[in-house]
Structures are given as C-alpha cells and as structure tokens.
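Lettering of chains follows the sequences in order, A, B, ..., and the numbering in each one begins at 1.
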Number of protein chains: 2
Amino acid sequence: MNLKNQVEWALHCCAVMMALPEGVYLPAKVLAEFHGVPKEYLSKALQALSQHGIVIGTLGPSGGYRLARAPDQISFLDIVEAVEGKRSTFRCEEIRGNNPCVPRRHRAGKPCTVARIMWKADEAWRESLRGVSLTDLAAQLAEDVPDDVLAKSRAWLLERA
Amino acid sequence: MNLKNQVEWALHCCAVMMALPEGVYLPAKVLAEFHGVPKEYLSKALQALSQHGIVIGTLGPSGGYRLARAPDQISFLDIVEAVEGKRSTFRCEEIRGNNPCVPRRHRAGKPCTVARIMWKADEAWRESLRGVSLTDLAAQLAEDVPDDVLAKSRAWLLERA
DNA sequence: CCTATTACAGATATATTTTATCCGTAATCA
DNA sequence: TGATTACGGATAAAATATATCTGTAATAGG
Ligand code: SF4
Ligand code: SF4
C-alpha cells in the first residue's frame, strides 16, 4: 500500500509556489525541472490540484500555476486528497454476505464493525493531515533549509516564472 | 491507494478464530469457504499472520490455525501490519536532491519536513488501529450481529474444525 | 493578425503491484 | 500407510501506477 509519488510531487510544488509574488505564475515545465520529475506526468497532478481549486492555472506565455488561496487556507489533506482521492484505503467487499449461515437480513444492512474501525483509523490519518497547513510547512522549512539554498532556489524559480 | 483485500480477510479470520475452544484448530479451507474467498490466496494471508506470531498453524489432519495469544493481546494493527507491512504509505524519493540549487549538503541529511508530516499522519493511523483489540471487536460484534446468526456460525465452524 | 507558449483532456504504452493459482515438501494424525 | 494439513516458491492474470504522446483551446506579445 503506497501513496502515489504524485502526492510527494504535488506537496513540493505547493511549497515552492508559496514563494511566488502576486500575479506571477510558474509553468509545469519549470516545476518539473526544479524537482527532476517528468513534466507530462507532473502535469496530471497539477491539473488535479487545479480541478480541486487548490491552484489556478492560466494559459499562454507567462502562464502556469499559482496557489488559489492563502497558504494558511491550504492543508496537506487538501493536496493529498486532490491527487489521491477521498475514498477510504480500506475496501469492504462485504464478505460477511458470503457467510453460509446468514440468510439475507445482514447483507444490505449497515457497514459492519470491522469496516467502521478501519474507516475510523483512516479518518485519524486525514485528521492529522488536515491539521497542517502550508504556512506550517513554510515555518518548518525556514528552520530546516539553509538560508542561502532558500534564496538561490527562489531566484532560480523567479527567473523562469 | 488501497489496502489489500487480504487485510479484510485476515481481520475476519481472526474474529472467527476467537470462537475456537482450547486446542482446536481451523483449517484454511474452512475459513475460505466461510468467507467465500479463494483458499490458496487466503492461505498466504494466514501464513503471514503465522510468521508474525499472531496465529499458530499446525500440520496434519485436524490441523489448521488458531490465535496465538489472548484476543485482548491482539490489536488491529498487529493484524494489518502482518499482511500489509510496517512501512509508511508515503514513499520519499528524495526529490529535493534534484533541486538544481542544492549542491551536496542536503542530500544525505535528515528526512525533510514534508516527509515528517506525512509519516506523522501515518503514525496517527497506526495509533488508531493499535487502540483496538480483538476483544473490543468481539464486544461490538455481539451488539451488531443477531444472536442466532452468531450461534449458527459458531456451530457451522466447530463442525468443521 | 500571427506565432510561440501554455494548460488541459484524452488515448496509449510501460512498469509495478495486487490477486490468484499451481506444485512440491514436510509434518501430523488415524 | 494414506489422507490431510501448513508452508514456501514459482508462475499467471488482473488491476493500478507511472509515463508518454496527441490534439485543442486560450493567451501574451510582436
Ligand atoms: S468489513 Fe464488515 S462490512 Fe466489510 S465485508 Fe467485512 S463484515 Fe462485511
Ligand atoms: S519529502 Fe522531503 S525528504 Fe522526501 S523528497 Fe521531498 S523534500 Fe526530500
């Protein structure tokens, strides 16, 4: 059970886009080169973000992507769910319906205990991601990443925006 | 991102094995028929449980599986991790190392902020599963499942144990 | 108006993982 | 001895993730 690598890419892209000045857009091509990932496939992830209203994409030269709202209004969960989907990781195949001792009653009934427990764990995962915003990420990054690397990256990106 | 269906099967099998009297073993064949799933593939899940010390398998006629310890000493997490593995669902491909502005320093460094946040969410998921034991499940099942179904299932299984 | 650039949607191809089956071996019991 | 079982490894089929390719429409700038 693995998350798609697009999740990682999308998160990094959003982190990078926080540095954009008002009205400036970053093309997928640049984001792909910056992260060293295939442009075409990364585009799919960015389009997913766009469809979920997390980023805004504009066409034409000087077009590209930027965040659709303030970083403190974008959570990790928003981003993860945009590319990974909202469905629970636990798939219930209703195998209790195969129990030879159960006539019919149970089958269309409410989800069983096992499923509820698994879904609750899933919700705990989501809740954890819901609690972290891009602003939180930025604060941590400022501590972790040396200032010169941050500045150089910023300059590298703006040159190509 | 989906959990394997073996997870669901393993959980149901453990639930069923709680009903076994001391010293009695339930063959994979019976468990498979009871749940309506392919025996060969279910066996793989049961072997995983066995390797992780959650169930005990014995050979020969009247052999099969039973729980290796008391139900209150077996958590959902034990079972899920046995078949799904212990690794985080978030795979870090170290794409920050591809950043053209980073020389060398960063690359072998500690895991970055993004990864830590994702791993923490993963841990929240595990913590949730760690908090539920088979005993808890049994209590819930007693409420959810009608008594006659429970009794009939029990009888059906013991006939074939 | 023209051209280069871009996001976007859809089709296709490849790789990896999940799902499932098959077979041979060893242990156990009657 | 013979039937039954778990176990491990090899293999096959299906589903999903990964990646590429194509064409279209919008847009900025000349
Ligand atoms: S998890 Fe619950 S609802 Fe799903 S198959 Fe098992 S018993 Fe049925
Ligand atoms: S998640 Fe962190 S450690 Fe992993 S690639 Fe991204 S920056 Fe690097």
Novice: Just the rounded figure in Å: distance from C1' of dT25(C) to CD of Q47(B).
Specialist: 13 Å
Novice: Expressed in angstrom and rounded to an integer, what is the separation of L59(B) atom CG from dT28(C) atom P?
Specialist: 6 Å
Novice: What's the CZ-C1' distance between R87(A) and dT16(D), to the nearest Å?
Specialist: 12 Å
Novice: Does any residue of residues 35-44 of chain A have a heavy atom under 4.0 Å from DNA chain D, and if so, which ones, in number order?
Specialist: P38(A), E40(A), Y41(A), K44(A)
Novice: Whole angstroms only, please: what is the CE-C1' distance between M1(B) and dT17(C)?
Specialist: 14 Å
Novice: Should side-chain heavy atoms under 4.5 Å link Ile, Leu, Val, Met, Phe, Trp and Tyr, which residues sit in the same cluster as Y25(A)?
Specialist: I56(A)
Novice: Whole-Å distance between dT5(D) C1' and R66(B) CZ?
Specialist: 17 Å
Novice: Let me spell it out: for each of A28(A) and K4(B), pick the nucleotide of DNA chain C with the closest heavy atom. Which residue's pick is nearer the 5' end?
Specialist: A28(A)
Novice: In whole angstrom, give the distance that lies between atom CD of E84(B) and atom C1' of dT17(C).
Specialist: 11 Å
Novice: Check the distance between dT27(D)'s P and Y65(A)'s OH and give it to me in whole angstrom.
Specialist: 14 Å
Novice: Could you please spell out the steps behind the side chain to side chain contact (heavy atoms under 4.5 Å, CB included) verdict for E93(A) and W9(B)?
Specialist: CA-CA 9 Å; E93(A) 292 181 359; W9(B) 302 354; 4.0 Å; yes
Novice: Report yes if a side-chain nitrogen or oxygen of N2(B) is closer than 4.0 Å to either non-bridging phosphate oxygen (OP1 or OP2) of dT18(C); otherwise report no.
Specialist: no
Novice: Is the charged tip of R160(A) near the ring of W156(A): under 6.0 Å from the six-membered ring centre and within 45° of its axis?
Specialist: yes
Novice: Applying the side chain to side chain contact (heavy atoms under 4.5 Å, CB included) test to L67(A), which of L20(A), L49(A), L134(A) qualifies?
Specialist: L134(A)
Novice: Would you please confirm or rule out a distance under 4.0 Å between OP1 or OP2 of dA7(C) and any side-chain N or O of Q51(A)?
Specialist: no
Novice: Of L46(B) and R91(B), whose nearest nucleotide on DNA chain D comes first from the 5' end?
Specialist: L46(B)
Novice: Just by distance, do the side chain of R96(B) and the backbone of H12(A) share a donor-acceptor pair under 3.5 Å?
Specialist: no
Novice: For P61(A) and S50(A), take the nucleotide of DNA chain C holding the closest heavy atom to each; which residue's nucleotide lies nearer the 5' end?
Specialist: P61(A)
Novice: Counting just side-chain N and O atoms, does Q6(B) come under 4.0 Å of either OP1 or OP2 of dA20(C)?
Specialist: no
Novice: So, R66(A) side chain and L26(A) main chain: donor-acceptor pair closer than 3.5 Å or not?
Specialist: no
Novice: How long is the line joining CD1 of I56(A) and P of dA26(D), in whole Å?
Specialist: 18 Å
Novice: Report which part of the nucleic acid Y25(A) touches: base, sugar-phosphate, or nothing (heavy-atom distance under 4.0 Å, all strands).
Specialist: nothing
Novice: Flag yes if more than 12 heavy atoms outside R154(B) fall under 6.0 Å of its CZ atom; otherwise flag no.
Specialist: no
Novice: Do the side-chain N or O atoms of R160(A) get closer than 4.0 angstrom to the phosphate oxygens (OP1, OP2) of dT6(C)?
Specialist: no
